[in-house]
Amino acid sequence: MGVEAVVGLGRGALELTLALAGPVLLFGLIAGVAVSLFQAMTQINDVTLAFIPKILATCAALLVFGPWMLQRLISFTTGVFQSLPNYVR
């Protein structure tokens, strides 16, 4: 297994991680900004108010993007397992 193969495998894993985490983090970010704007406009300074919308947005993102995320993860894992004989010499 050469250095190029290891770097390629690591790069693919990092790209997949970013692609899978991106939509969930984006939904949480949008919910956090919306709650912050709401708190700034109404001058409600409750710390716990931001957690429930973020959790709901994260769950919604997982429900919406879950099948796509699982398909990408399965295809990457299948590709790694199928290419294992090429890595061993």
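Side-chain atoms are counted along with the backbone in the values below, which use heavy atoms only and exclude waters and symmetry mates.
When the side chains of ILVMFWY residues are joined at heavy-atom separations under 4.5 Å, either directly or via intervening members, I55 and F65 end up in two distinct hydrophobic clusters. Under the 4.5 Å side-chain contact rule for hydrophobic residues, W68 and V64 share a cluster. Hydrophobic clustering (side-chain heavy atoms under 4.5 Å, transitive across Ile, Leu, Val, Met, Phe, Trp, Tyr) keeps I52 apart from L49. Note on L9 and L84: same hydrophobic cluster, where clusters join Ile, Leu, Val, Met, Phe, Trp and Tyr whose side-chain heavy atoms are under 4.5 Å apart, directly or indirectly. The hydrophobic clustering, which links ILVMFWY residues whose side-chain heavy atoms are closer than 4.5 Å, places L63 and L26 apart.
Between P85 and Q82, the shortest heavy-atom contact is CD-O, 3.5 Å.
Between the side chain of S75 and the backbone N or O of R72 there is at least one donor-acceptor pair closer than 3.5 Å.
Applying the 6.0 Å contact sphere to CG of L56 captures more than 12 heavy atoms from other residues, nucleotides or ligands.
Rounding to the nearest 0.5 Å gives a distance of 11.5 Å between CG of L62 and CG of L70.
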Name each donor-acceptor pair under 3.5 Å that joins a side chain in residues 29-45 to protein atoms two or more places apart or in another chain, with its distance.
| from | atom 1 | to | atom 2 | distance (Å) |
| --- | --- | --- | --- | --- |
| S36 | OG | G32 | O | 2.9 |
| Q39 | NE2 | D46 | O | 2.7 |
| T42 | OG1 | F38 | O | 2.8 |

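Residues passing the ring pair (Phe, Tyr, Trp, His ring centres under 6.0 Å) test with F76, sequence neighbours excluded: none.
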